[in-house]
Amino acid sequence: MLSDCLAKEHQEGIAPDGQPFRIFTLTNAKGMKVQFMDWGATWISCQVPVGSEMREVLLGCQVNDYPKQQAYLGASIGRYANRIANSQFELNGKGYLLAANQNQHQLHGGQGFDRQRWYLEKCGGNSITFSHFSHDGDQGFPGNMHVFVTYSLSENNKVKIEYEAICDQDCPINLTNHAYFNLNNAVEGCDIRGHSLQLNADYFLPVDSAGIPNAELKSVEGTSFDFREEKPIGLDFLQEEQQLVKGYDHSFLLNQNDEKTCAILTALDRSLTMKVTTSQPALQVYTGNFLSATPNRQNGQYADYAGIALETQCLPDTPNHPEWWKYGGITKVGEKYYHWTKYQFIS
Ligand code: BGC
C-alpha cells in the first residue's frame with residue numbers, strides 16, 4: 001500500500017489471484033462520491049447528490065461478482081475495445097492471429113485488461129492512476145505495452161478518465177471504459193429507454209448480427225439513429241439495423257467540434273443530466289440489450305435495458321479497415337496513445 005495515497009482506501013472480497021480487491025474512494029465538496037477498484041481498473045460506483053438524495057447512477061455488482069459477470073461493468077477495456085473480425089488482422093505486411101472470445105471474433109481484447117489486477121501507480125486527493133503491463137503476444141497483439149488509466153473527480157461534479165499507452169511495436173490500441181449509466185436508479189436499474197439522449201454524430205456504422213461492421217459509415221438522416229436533436233431512447237427503438245442486435249449497439253462517428261460534446265443523457269423525470277465530452281473520434285452506444293442475468297449490488301440481477309453504456313473509442317474492427325485508420329486505432333511504435341473522456345453530472 002502506498003503510504004501517501006490521499007484517497008480513502010479499503011479492501012474487500014478476494015480476487016481470482018487470491019488477494020483482496022483494493023477500492024479507492026474520491027469525494028468532492030458538493031458531496032459527490034466515486035469509487036474505483038484495482039481489479040480491471042474498474043469504476044464501481046458513482047453517487048451524485050440530487051436534491052437531498054445521494055443517487056447511484058452507475059450499474060455495479062458486489063465485488064466478488066466482478067470477475068464472474070459478463071457485462072464488463074465499469075471496466076477498463078483493452079488492448080482493443082469492441083470487435084476485431086475473425087480475430088485477425090494484418091499490419092506492416094504481417095498477419096496476426098488473436099485470441100477469440102466471441103465465437104470466431106475477438107471482443108474487448110480477449111482475456112483483456114478488465115480481467116487483470118492493475119497496479120496503483122499514483123494517488124492524490126482527487127485523482128488515482130492505475131497502470132498495467134501487457135507483454136508482447138498478449139492475446140495475440142504485438143509489442144510490449146505499458147498502459148495507464150487516471151480517474152479524477154472535479155469540484156463541478158465531473159469525472160475525467162485519461163488513457164495513456166506506449167508500445168514497443170506498431171499495434172492496434174483502442175481503450176475505453178465500459179460504464180453503464182442509469183440516471184434514475186442504477187441500483188435496481190429501471191428501463192433506460194425512458195431516458196433521453198442527444199448525440200453529436202451525423203454518421204453511424206451498420207453492423208451484422210455478430211456486431212461486425214458490414215457497410216460503410218451511413219448518414220443518420222431520416223433513420224432511427226438520428227439523435228442530433230434530443231429524443232427518448234425508446235422512441236424509435238428496434239427499428240432498422242437495430243433489429244439484428246436487439247437495440248442500439250452501434251458506433252457513432254463524432255462530429256469534429258472544438259468542445260466535442262459527444263453525448264447528453266437525461267433522466268426520465270429530468271432530475272439529472274450527464275454531459276459527455278471526449279477527445280475520442282467515436283462513441284459506441286449500447287443500450288444493455290443483453291444485460292439480463294448480470295448481478296446487481298443487492299443479490300439480484302439487472303434486466304435487459306437497465307443501463308446504457310456510452311463507450312468513447314475509435315471505430316470497431318479498424319485494424320481490418322485501413323480506410324478508417326485516419327480516425328485512430330493503430331498506434332505506432334514509441335508514439336504515445338492519449339485520450340480523455342469527461343462525464344459531468346448536472347442536477
Ligand atoms: C458491445 C456489446 C456487448 C457488450 C458486452 C459492448 O461494448 O458493443 O455488443 O454485448 O459490450 O457487455
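Each ligand, and each atom within it, is numbered from 1 in the order the structure gives.
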ask   = Side-chain donor-acceptor pair under 3.5 Å between Arg117 and Gln19, yes or no?
value = no
message = Is it the case that over 12 heavy atoms from other parts of the model lie below 6.0 angstrom from the OH atom of Tyr96?
response = yes
Electrostatic pair Arg270-Glu230, nearest N-O below 4.0 angstrom = yes
task = Please check if any side-chain donor atom of Ser127 sits under 3.5 Å from a side-chain acceptor atom of Ser152, or the reverse.
result = no
ask   = Do the rings of Trp43 and Phe181 sit parallel, tilted or perpendicular, given the 30° and 60° boundaries?
value = perpendicular
ask   = Taking any residue with a non-hydrogen atom under 4.0 angstrom from an atom of ligand 1, which ones do you get?
value = Gln70, Ala71, Tyr72, Arg83, His108, His178, Tyr180, Asp249, Gln284, Tyr286, Glu311
inquiry  = Under the rule for side chain to side chain contact (heavy atoms under 4.5 Å, CB included), what residues qualify as partners of Ser87, not counting sequence neighbours?
reply    = Leu98, Ala100, Gln106
